[in-house]
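Structure, as structure tokens:
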Number of protein chains: 2
Amino acid sequence: MPTSSTSRGEATARIFTVFRDRGFEGATLAELARATGLGKSSLYHYFPNGKDDMVLAVFDLLDQWLEENMVKPLQSPGTPAQRLRTILRALDELYDGGRNACVLGVLVVGGARERFQARLKASFKTWIGAMRDLAVEAGVARREAQHRAENVVIRIQGALILAGGLGDPEPFRRELRQVEQHLLAG
Amino acid sequence: MPTSSTSRGEATARIFTVFRDRGFEGATLAELARATGLGKSSLYHYFPNGKDDMVLAVFDLLDQWLEENMVKPLQSPGTPAQRLRTILRALDELYDGGRNACVLGVLVVGGARERFQARLKASFKTWIGAMRDLAVEAGVARREAQHRAENVVIRIQGALILAGGLGDPEPFRRELRQVEQHLLAG
DNA sequence: GTCTATAACGGGATAGAC
DNA sequence: GTCTATCCCGTTATAGAC
């Protein structure tokens, strides 16, 4: 169906990286156009409300990613520990071993938060919910599982911040290893 | 010596909150002027290089805060646990129980990181170093103390992100309580 | 759907009087 | 040190041809 050289979906994937690296107010139309290979007019063709629409598309893409890489592994075969490993590997890849920021964390700061609070909350809840369900399945009491799941997300977000601030991805890598031990521990 | 109604120091304190709440690119001169009660020209009188100079002043202020509230308590009387409590109380106040963002975390995202990487790294290292020294004094081996200190900073940063994303400060409050148990544990 | 051109606006920054 | 006025540029957004 798509007739253009760069589909809306392909454009969204590029736009994702621009918001992740530059933040909402730091992402200019010029850079978004360059990153997608589209002219400004074409961007407005796909995203009539400009950057706001682009961010919503990024949330849609992110929610697909969460569904595929966090939620779907809950129904896969294997032990909870094995599936957790799969999940953490996907996160490690998404964040490029601590060298990439998290677009959710980026959109929490500045004026973007107010605008997209509902989507931010929903995405975080999806993520936390998946981690919690895995812990519950491994025998952790539901309330404790919820807290551990939030703790996992907190530590990943914080590790990405520190890695960025130090200019060194190592804190992220160590934290990811510890998280693996922590979530399902007896 | 200051003859103006709003001194540079007072202005910096207000500017701090604007960058914290809006981010570097989100903070406009109009808002910075409004928040300080100064005209644009007065801002440029105090900060000849505009927003860049303002951020440097914010780093100076923050480093003073770290010295007073993280480093100085290391020489205070009392057990390490007591001094840790004092330190965590100061952080709880700084972040208003999880309702405020961390200006360090905010400046890590977007184009501000590259510009201020050195200052960011220095501030994080000061903070981590203080936490580490406290753990060492409590009998934790130095390498383990360093890791725990980084973990504390990671969890505080991450908790602020999640609190912002969910629009609920509770994750921060719980994390702060857990951090208190974790840093010095035998 | 994509292009060129441009409108309309807001941003950072400066000049010069006081 | 502060004010008013202004400049210049980048940014968002739109118009209209192809």
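Each chain gets a letter, A, B and so on, in the order the sequences are listed, and its residues count up from 1. We use all heavy atoms of the structure for the numbers below, so side chains are in, but hydrogens, waters and symmetry mates are not.
B:A11 comes within 4.0 angstrom of no nucleic acid atom, judged by non-hydrogen atoms across all strands. When heavy atoms are screened at a 4.0 angstrom cut-off, A:A27 is found touching the sugar-phosphate backbone but no base atom. When heavy atoms are screened at a 4.0 angstrom cut-off, A:S41 is found touching base atoms of the nucleic acid. At the heavy-atom level, B:K51 lies under 4.0 Å from the strands shown only through sugar-phosphate atoms.
At a threshold of 4.5 Å between non-hydrogen side-chain atoms, the residues A:V106 and A:F19 do not count as touching. Two residues are said to be in side-chain contact when any heavy atoms from C-beta on lie closer than 4.5 Å; B:R174 and B:E170 meet this criterion.
We find that CG of A:L29 is positioned 8 Å from C1' of D:dA13, with the value rounded to whole Å. For the pair A:L38 CG and C:dC3 P, the interatomic distance rounds to 7 Å; values are reported in whole Å. When the C1' atom of D:dG16 is taken as reference, atom NZ of A:K40 falls 17 Å away, rounded to whole Å. Rounded to whole Å, the distance from CE on B:M54 to P on C:dG12 is 8 Å.
Nearest nucleotide to the side chain of B:H45, out of D:dG1, C:dT2, D:dT12: D:dG1. In this structure, of D:dT2, D:dA13, C:dA13, it is D:dT2 that holds the atom nearest to the side chain of B:Y46.
Taking 4.0 angstrom as the limit, B:Y44 places none of its side-chain polar atoms (N or O) nearer than this to OP1 or OP2 of C:dA15.
The distance from the CD1 atom of A:I161 to the CD1 atom of A:I156 is 13.0 Å, given to the nearest 0.5 Å.
Ring geometry for B:F116 versus B:F24: interplanar angle over 60°, hence perpendicular rather than tilted (30 to 60°).
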